[in-house]
Amino acid sequence: MATVHLWLLAAVCVFGVAESAKKKGGDDLAQLRAVQDLNADNYKEAVESRLGWLIHFGSEIPDELSAAAEKLEGLARVGFINVDKEDALMDFLNLKKDTAPKFRAKKIAAKKFEDFEELEEAQSVIADNIPDDAVQVISEAQIQTFVSSGLQQAKLGAILLSDTSEVPKMLQKLSNFMDERFNFAVLQATPELVKQFGGKKTPYFVIMVAQEDKEGQSSGNPAEMQYRFGPVPYNRKQFGGLKFANALKFMATIQAELEQTKYFEPFDKMIGKESKKRSSKGGDSNKIVKNKPLFEYTAETPDACESSKLGLCVIALLDGSPPNKENFEAQLEHLKAVQQNPVNKGRAMHFMYVDVSCHASFAEYFGMTLENTPSIIAVSPKKAMYATHVGAFEEKKISKFISGVLGGKQRIGKLPNEDKSVPLISAEDDCAAIHASLEIPVEEDSMDDDIMAEMLAEEEARRKASEEEQEEQPEDNSEMELKRKRAEEEMARLNKVSNKDKKKKKKKKNKKKKGSKKKDEL
C-alpha cells in the first residue's frame, strides 16, 4: 500500500498550460453544447458513459433540440438519429421509421433508456433525477482518506472548499463529465484551512496531485512508494469566474498535461487498468455493423472472409448433396437463428456456409472431411486465427462456441497456410454435376412411359367412340335391353316349372318305394 502525506503548507503550481490542453477543454465544452449525430460507429461508445442522454429520432434536427442541449449542459448529451439513413443503427435498436419514438432519454448513471413523445418530458427525466452520490461531503479529518482512495483508483481528488456543506450543481455536472480521472468532494472549510490550501476566500477549487516523496525510500513499485499531495488551484485570471464551463476547461487542461507526462501510467498498472490509448485499439468492436444475411461462400464471393475483414467469420461446413437435403435445410435454419440472436446484434460477424460435398478441398484445409459435417469454423481474418466446433449442431451449442471464441475461452490456432488467409473456393468445382451424380435414381414402372401413354390414348379413343355410338342409336339400345329382360323372365318361368315337375316325380317315386316295402313285409 502506498504511503500518503498531505503537503498543504503552500499551494504548488506544477503546470504550464499547453495550447493542446486548452484546445481539449474547449473541444469538450463545444461537444457538450452540440447535438451529436449518432451512427453505427459511435453509438455504443457514446451512450455507455455516465452522462445522461437525450436522443431524437427523425429526418432532420428540430431547432428546439439545440436549446435542449444547452439546458442540459453537463448533465446529458443530446443526440440525433436520422431514421432515413442510419439503417444499421436502427436495426441494432430493433426500430423502424414508423415504430421509433420521437425521443429517448437515459438518466445520469443509468443504463436503460425511456421513450417519450414530448421533448419536455424527456428533459425532465434527466434534470429531475441528478444522483447525489457522485460528490462526497468531507471534513478536514477525512481529507487524507479521500485523496488516498483516489490514488488507489488512479484518480485525482477534486475538492471545492466552501463555507457550506451543500453540493453545488456545478460540481454535480463536473462529476458526470470528468469521472474517469477525478473524484469529487465538498469540504466545509475554515478561513485558516483555506489559507493552508493557498487560497484567500471561498469558494476555492483545487485538484490534489500526487508527487513522490523523495525523502522516503523508493522501490520503484507504485504500491510501495510514499507520496505527498499538493493542491493545484483554479486560476481565475486564466479561466475566468468559477462556473461549470470554465472549471471544465481547467480540469481538462490538468488531465491533458498529466497524460502527456504519463503521470497515470504507474497507477494504472498498479490497479490493472488499461489506459485509454491501449483500450481504444479495440475500438472497432464498439462499432455497430449491419451484417449480411447467411450466404453461401463460393468462387463468386472471394472477399467473404478476406484478411482485411473486421470481426469474425462464422463458416459452417455442411453436406448440401441431394440425399441430405432435409438435414441440410434444418441446419441452415439453426445458423439463421444463431445470427438473429439478440446477443449477436451489432457485432461484426459474417455468417456463411460451404457445401463440402462439392468443395472438399476447402474442408481439407482445416483438417476436415465430409464425414465431419455439420461443423463450424470461426475465423478472425485480421488476427489470422481460427477455432473449430465439431459436435451437436444446435443453436445453443453454436452460440456457446461463438461466445467462447469472442471471450477468449475457446482454444484457437493460427491459419495453416503461409499467407495466413482463408482459402478461396475453386471456380472449377462443379456442384451441379457432383449433385447430379449423387442424386438417388427414381425406380421406373415395367412399361415404358411412351407405351403407357399410347395405351391410355387408345383406351380414351375407344371410350369416346362407344359414347358416340350410344348417342346415335338410343332406341335400338332400349329395344335390345327390353328383349334381354323378357328372355330372362321366360328363363326364370321355365326353371320354376321344371322344378315343380321334378318335385312331383320325386313324390311318386317315394310312394312306390313305400308300397313295395309293405309288400315285402307281408
Participant: Tell me, do R104 and F57 make a side-chain contact under 4.5 Å, heavy atoms counted?
Facilitator: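 R104 vs F57: side chains touch.
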Participant: Between E333 and K336, does at least one N-O distance fall below 4.0 Å, as a salt bridge requires?
Facilitator: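 A salt bridge is present here (some side-chain N lies under 4.0 Å from a carboxylate O).
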Participant: Say whether, by atom type as modelled, one donor and one acceptor occur between the side chain of W53 and the main chain of A46 under 3.5 angstrom.
Facilitator: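 Here the side-chain-to-backbone pair exists.
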Participant: Could you check whether any side-chain heavy atom of E166 comes within less than 4.5 Å of a side-chain heavy atom of V186, counting everything from C-beta outward?
Facilitator: no
Participant: Are the side chains of F182 and L174 in touch, meaning some heavy atoms are under 4.5 Å apart?
Facilitator: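 The answer is no, as the side chains (C-beta and beyond) never meet within the 4.5 Å cut-off.
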Participant: For the pair T99 (side chain) and K96 (backbone), establish whether a donor and an acceptor sit closer than 3.5 Å, ignoring hydrogens and angles.
Facilitator: yes
Participant: From M178 CE over to L156 CG, what is the distance, rounded to the nearest 0.5 angstrom?
Facilitator: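 It comes to 9.5 Å.
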Participant: Answer yes or no: is there a side-chain heavy-atom contact under 4.5 Å between I412 and Y386?
Facilitator: no
Participant: Can you tell me if T301 uses its side chain to pair, donor with acceptor, with the backbone of Y297 under 3.5 Å?
Facilitator: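 Here the side-chain-to-backbone pair does not exist.
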Participant: Would you check if the side chain of D355 reaches a backbone N or O of G320 as a donor-acceptor pair within less than 3.5 Å?
Facilitator: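 Checked: pair present.
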Participant: Looking at A378 and V405, what are the two nearest heavy atoms and their distance?
Facilitator: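 So the minimum-distance heavy-atom pair works out to CB-CG2, 4.2 Å.
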Participant: Measure from NZ or CZ of K262 to the centre of the six-membered ring of F264 and say whether it is under 6.0 Å with the direction within 45° of the ring axis.
Facilitator: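 That pair does not qualify as a cation-pi contact.
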Participant: Is the backbone N or O of G241 less than 3.5 Å from a side-chain atom of N246, with the two atoms forming a donor-acceptor pair by type?
Facilitator: yes
Participant: Where the side chain of D430 meets the backbone of H435, is there a donor-acceptor pair that is under 3.5 Å apart?
Facilitator: no
Participant: May I ask you to decide if L54's main-chain N or O and R77's side chain share a donor-acceptor pair within less than 3.5 Å?
Facilitator: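 The answer is no, because no donor-acceptor pair under 3.5 Å joins these two groups.
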Participant: Answer yes or no on whether K173 is positioned over the face of F244, meaning its NZ or CZ is under 6.0 Å from the six-membered ring centre and within 45° of the axis.
Facilitator: yes
Participant: Mind checking whether L51 and F177 have side chains closer than 4.5 Å, heavy atoms only?
Facilitator: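 Answer yes - side chains close enough.
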Participant: Of I315, I376, L332, which meets side-chain contact (heavy atoms from CB on, under 4.5 Å) against Y353?
Facilitator: L332
Participant: Can you name the closest pair of heavy atoms from L171 and L160 and give their distance?
Facilitator: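 Heavy-atom minimum between the residues: CD2-CB, 4.0 Å.
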Participant: Taking the side chain from Q339 and the backbone from K292, do they hold a donor-acceptor pair closer than 3.5 Å?
Facilitator: yes
Participant: Mark yes or no for whether Q410, through its side chain, and I402, through its backbone, hold a donor-acceptor pair below 3.5 Å.
Facilitator: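 Checked: no pair found.
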Participant: Indicate the atoms forming the closest heavy-atom contact of T369 with N372, along with that distance.
Facilitator: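 That would be N-OD1, 2.8 Å.
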Participant: Tell me if a side-chain donor or acceptor on K155 pairs with a main-chain N or O of D179 at a distance below 3.5 Å.
Facilitator: yes
